[in-house]
Each structure stands twice: as C-alpha cells, then as structure tokens.
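Source: prediction; values computed, not measured. Sequential numbering from 1 along the given sequence is applied to the chain's residues.
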Amino acid sequence: MTATKTEGFATETLELAAVMKALGHPARVAIMQLLIERQACVCGSIVDALPLSQATVSQHLAALKEAGLIQGNIDGPKVCYCIDQTNWQKARDMVKQFWDTNTCCSSPC
C-alpha cells in the first residue's frame, strides 16, 4: 500500500484538509454539535446520545482530539470532553476563508 503524498502542499492546505477530514463523518459532526450545545460533556453522555457503541464513539473522539478540535480532561474514571476553543475558531476561520475565496465560475460548464 502506498502512503498519501502530502509533500509540496502549503501548511494551510494541509491544516484545512485535516479539519475537513476530521469533520468528514456524520458521527463526528454529531459529537461536535453535542459538545457545542452542552459546552462540555462526559464520554458516557456522548455514547448515550449516539446510535454507536462505546468503542466506536471513542475512535471518533480520538480523531477529533487528534485534529485538535476537542480536548479531554481525565476526572477520576471519566473523561470530560469539550471544544478546544482556540483550534475551533482557527478551523472556522480556515473553512470560512476557503468558502469565501473559492467560488465557481459564473459561466455554465
């Protein structure tokens, strides 16, 4: 299997791709929506809100955490997840800039 080639792409392009990849699954979008609504969330509450197993939710949480969109704090036997405000704002700005500057041509194809 060959590795994905990312050399030669601008850092901003790679960062935007990482954010979009992290948000590219409906479970991850649902997790982000839940965390935004609740401002913080314990993992068990996330599992209860989704039609997925604990293991699957944990994998999605790990992907969001790896992308820097969420952070988790260990509180005894629980892990409390919340939005990483700094990285979330950066992600929002990157996506907004992408949508605002990349418009389709006005002539039909």
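- Through chains of ILVMFWY side-chain contacts below 4.5 Å, L14 is grouped with F9.
- Partners of T56 according to the side chain to side chain donor-acceptor pair (under 3.5 Å) rule, which considers only residues two or more places apart in sequence or in another chain, are S53.
- Under the side chain to side chain contact (heavy atoms under 4.5 Å, CB included) criterion, C80 pairs with A40, sequence neighbours left out.
- For T86, the side chain to side chain donor-acceptor pair (under 3.5 Å) criterion is met by no residue, not counting sequence neighbours.
- By the 4.5 Å heavy-atom criterion applied to side chains, Q39 and C82 are not counted as neighbours.
- Here Q54 pairs with C43, V47, S58 under the side chain to side chain contact (heavy atoms under 4.5 Å, CB included) rule; sequence neighbours left out.
- Here the OH atom belonging to Y81 is positioned 5.0 Å from the CG atom belonging to L61, to the nearest 0.5 angstrom.
- For E12, the side chain to side chain contact (heavy atoms under 4.5 Å, CB included) test picks out A10, with sequence neighbours left out.
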Which pairs of donor and acceptor atoms, one on a side chain in residues 89-96, lie under 3.5 Å apart (sequence neighbours left out)?
unit_1	atom_1	unit_2	atom_2	d
Q89	NE2	D93	OD1	2.9
K96	NZ	D100	OD2	2.5

Only distances under 3.5 Å count here; give the side-chain donor-acceptor pairs of residues 26-37 to other protein atoms, sequence neighbours excluded, each with its distance to 0.1 Å.
unit_1	atom_1	unit_2	atom_2	d
R28	NE	H60	ND1	3.0
R28	NH1	K21	O	3.4

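- Qualifying side chain to side chain contact (heavy atoms under 4.5 Å, CB included) partners for A22, counting only residues two or more places apart in sequence or in other chains: L64, A67, L69.
- Among residues at least two apart or in separate chains, there is no ring-ring contact (aromatic ring centres under 6.0 Å, His included) pair with a member in residues 30-55.
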